[in-house]
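Structure first, then comments.
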Amino acid sequence: VASAGFRERIDRLRAAELVDYREVLRLKREPLGLLAAEFFERRPARFEDFERFLDAHPEVEEYAHFRAALDQRHSDWRSWPAALHGQIPEGEYNPADAIYHTYAQWIAAEQLHSLEKRADAAGAGLYLDLPVGVDPGGYDVWRRPDLYMATATTGAPPDTMFTGGQDWGLPPMHPERIREDGYQEFREVLAANMRYARYLRIDHAMGWHRLFVIPQGVDKSQGTYIRYHADEFYAVALLESHRRQCTLLAENLGTVPPEVNRRLERRCIGGMWILPYELEPSRRQGFNKPAELSVASLNTHDMPPAAAWWRGDDVGDRLELGLITAEEAEREREDRRQVTAQLKEQLRAAGSMPLDEGRQDVPIAALLRSVAASPAQLVPVNLEDLWLETRAQNVPGTHSERPNWLRKARYSLEEFSRMPEVLDLLDQINALRHRIEKPR
């Protein structure tokens with residue numbers, strides 16, 4: 001790691017405008033591979049901890065063999081011979097690769113456990129995400145293909161934003177087979193996440209009720225809904241939540257049937273409160289305070305930063321991408337001007353915006369203070385909003401058109417963790433949150 005060649009590769013990656021994930025992984029794997037080989041050869045005292053980890057998580061070795069086979073074949077498992085579906089015999093992978101993947105899983109688990117303990121000691125906790133699906137070419141489907149509908153993918157029907165519909169490329173779980181299996185796969189996934197999380201966010205919570213499914217060979221606008229036994233999903237999740245002392249939260253944004261929100265509320269599962277969603281054209285009285293169980297924030301990872309939203313930059317971006325017409329863009333811009341003007345008045349009336357901030361074009365600090373002072377259970381803060389970033393990390397509906405998830409932050413951790421304006425606003429938010437009596 002200290003060698004000149006290795007340092008040069010690190011410097012090149014740091015100097016690049018975008019993240020090169022593959023090269024970063026290659027760079028990390030070299031020293032980790034050496035550490036893994038030496039660890040297995042020398043078997044130091046810590047090897048007993050490693051063996052206990054494997055005893056508690058026997059699937060890790062199977063996963064490592066699967067990953068090692070991927071390294072060997074450089075292809076998706078779906079193109080492998082049938083004899084390699086669901087099992088990887090010896091001789092079908094390089095043992096050194098399997099050792100690396102086993103060691104890496106252990107190190108990752110140790111680091112997560114250490115981070116969890118540090119967060120708990122600080123009175124905080126980890127907020128993790130339960131995704132709506134898994135990679136069809138990944139370990140989950142390879143291990144239990146019977147639980148997934150391999151000839152279909154999940155998505156969303158056409159709407160005003162995505163007129164052609166959406167195809168997320170993820171295989172839906174089979175409603176009856178997972179039930180016959182006693183929801184074992186679902187329970188294991190929950191347990192794996194809740195092992196470290198104090199809060200677990202359920203992505204696309206409506207998917208526990210129904211999923212939009214697109215059969216192979218059918219256009220994504222012509223899919224259909226399949227229904228699940230929602231009450232059984234909730235029962236399993238609540239049991240694991242109680243067992244692991246992990247709070248459940250639900251992503252319930254967009255067009256969600258009222259029955260979904262009613263069931264979430266009945267089970268004390270908090271939903272999302274996102275400022276722009278509270279300012280739809282039909283709501284002209286400003287925003288209502290977030291509910292106690294909610295997670296309240298100015299945006300999500302799929303939305304523009306707060307400064308870009310306030311200025312309407314996202315409208316121009318969608319116009320450029322051809323997602324809306326010029327007429328629709330002008331209507332949205334006018335609506336945004338009305339909404340932001342009303343927001344300013346609401347912030348002034350509530351005392352959230354001092355006079356010196358009233359002259360600012362984008363009163364992000366006032367917005368954050370207003371949300372932080374609410375009774376919401378959690379208030380996540382997008383760090384980039386603290387320095388008025390306008391570039392989005394992800395633009396839904398795009399692939400190669402935008403560098404989604406590749407853009408680096410304007411400032412490094414070392415830089416922004418010392419910026420007075422960032423620290424001052426975080427101190428204000430922290431003080432406001434400590435005044436709120438958290439729901440039980």
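In this text the structure is predicted, and so the values were computed from the model without any measurement.
- A donor-acceptor pair shorter than 3.5 Å can be found between the side chains of S221 and D219.
- Between the CD atom of Q105 and the CG atom of L54 there is a distance of 10.5 Å, given to the nearest 0.5 Å.
- When every heavy atom of P380 is checked against every heavy atom of Y127, the shortest pair comes out as CG-CE2, 4.2 Å.
- Under the 4.0 Å criterion applied to side-chain N and carboxylate O atoms, R52 and D49 are assigned as salt-bridge partners.
- Closest approach of G207 and Y228 over heavy atoms only: O-CD1, 3.6 Å.
- The backbone N or O of L253 sits less than 3.5 Å from a side-chain atom of E251, completing a donor-acceptor pair.
- Salt-bridge annotation for R210 and E259: absent, with no side-chain N of the basic residue lying under 4.0 Å from a carboxylate O of the acidic one.
- M194 has its side chain within reach of L248: a pair of non-hydrogen atoms, C-beta onward, lies under 4.5 Å apart.
- Residues W80 and E92 have side chains not in contact (no heavy-atom distance under 4.5 Å, counting atoms from C-beta outward).
- Side-chain atoms of P363 and W310, non-hydrogen and from C-beta on, do get closer than 4.5 Å to each other.
- Checked against the 6.0 Å centroid threshold, F39 and W106 count as a close aromatic pair.
- With rounding to the nearest 0.5 Å, the separation of CD1 in I178 from CD in E185 is 9.5 Å.
- Between R318 and V395, every side-chain heavy-atom pair lies at or beyond the 4.5 Å cut-off.
- Remark: the D424 side chain and the Q428 side chain contain an N/O donor-acceptor pair separated by less than 3.5 Å.
- Between Y183 and E232, the closest heavy-atom pair is OH-OE1, 2.6 Å.
- N94 and D71 are not linked by any side-chain donor-acceptor pair at a separation below 3.5 angstrom, with hydrogens and angles left out of the test.
- Inter-residue side-chain proximity for R201 and L128 is flagged as unmet; no heavy-atom pair is nearer than 4.5 Å.
- Residues W142 and Y63 place their aromatic rings such that the two centres sit no closer than 6.0 Å.
- Two residues are said to be in side-chain contact when any heavy atoms from C-beta on lie closer than 4.5 Å; E384 and Q393 meet this criterion.
- Judged by distance alone, with hydrogens and angles left aside, the side-chain atoms of K220 form no donor-acceptor pair with the main-chain N or O of W168 at under 3.5 Å.
- Between L190 and L200, the closest side-chain pair of non-hydrogen atoms falls below 4.5 Å.
- A donor-acceptor pair is defined here as one N or O able to donate and one able to accept, closer than 3.5 Å; no such pair exists between the side chain of R144 and the backbone of D140.
- Between the side chains of N382 and S297, no donor-acceptor pair of N or O atoms lies under 3.5 Å.
- One side chain, H113 or E116, offers a donor N or O that lies under 3.5 Å from an acceptor on the other.
- Using a 4.0 Å cut-off between a side-chain N of Lys or Arg and a carboxylate O of Asp or Glu, R143 and E188 qualify as a salt bridge.
- The existence of a salt bridge linking D146 and R177 is excluded, since no basic side-chain nitrogen approaches an acidic carboxylate oxygen closer than 4.0 Å.
- For the pair V141/W77, a side-chain contact is recorded, criterion being any heavy-atom separation below 4.5 Å from C-beta on.
- Heavy-atom contacts from other residues, nucleotides or ligands closer than 6.0 Å to NE2 of H85 number more than 12.
- Between the side chains of Y139 and E59, no donor N or O sits under 3.5 Å from an acceptor N or O.
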What's the verdict on salt bridge (charged side-chain N to carboxylate O under 4.0 Å, His left out) for R46 and E51, showing C-alpha distance, side-chain angles and the deciding distance? CA-CA 9 Å; R46 262 168 43 86; E51 290 179 317; over 6 Å; no
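- Although no hydrogens or angles enter the test, the distance criterion places a donor-acceptor pair under 3.5 Å between the side chain of R433 and the main chain of S374.
- Separating the CG atom in L368 from the CG atom in L386 is a distance of 6.5 Å, to the nearest 0.5 Å.
- Ion pairing between a basic and an acidic side chain is recognised when a charged N comes within 4.0 Å of a carboxylate O; R410 and E415 show no such pairing.
- Between the side chain of D20 and the backbone N or O of E23, at least one donor-acceptor pair lies under 3.5 Å.
- Aromatic rings of W387 and Y411 (six-membered ring for Trp) have centroids within the 6.0 Å cut-off, being under it.
- A salt bridge links R187 with E240; the closest basic N to acidic carboxylate O contact falls under 4.0 Å.
- The aromatic ring centroids of F50 and F47 lie less than 6.0 Å from each other.
- Donor-acceptor pairing under 3.5 Å is lacking for the side chains of T390 and D313.
- In E110, the CD atom is crowded: over 12 heavy atoms of neighbouring residues, nucleotides or ligands sit closer than 6.0 Å.
- The two residues D314 and W309 come nearest to each other via the heavy atoms OD1-CA, 3.8 Å.
- Between Y234 and H209, the gap from one ring centroid to the other is short of 6.0 Å.
- When ring centroids are compared, F40 and Y103 stay outside the 6.0 Å threshold.
- Between the side chains of H229 and E176, a donor-acceptor pair is found at a separation under 3.5 Å.
- Aromatic ring centroids of F53 and H57 lie under 6.0 Å apart.
- Open room surrounds CZ on R118; 12 or fewer heavy atoms of other groups in view lie less than 6.0 Å from it.
- Side-chain N or O atoms of S241 include none that pairs as donor or acceptor with a backbone N or O of A237 at under 3.5 Å.
- Counting non-hydrogen atoms of neighbouring residues, nucleotides and ligands closer than 6.0 angstrom, the NZ atom of K117 reaches no more than 12 such neighbours.
- Distance alone, capped at 3.5 Å, is enough to place a donor-acceptor pair between the T154 side chain and the L170 backbone.
- Among all heavy-atom pairs drawn from S294 and P290, the shortest one is OG-CB, 3.3 Å.
- The minimum heavy-atom distance between Q216 and A150, with the atom names listed, is NE2-O, 3.6 Å.
- Here K289 does not pair with E278 in a salt bridge; the nearest charged N to carboxylate O distance is not below 4.0 Å.
- In this structure a side-chain-to-backbone donor-acceptor pair under 3.5 Å is missing from D385 to V381.
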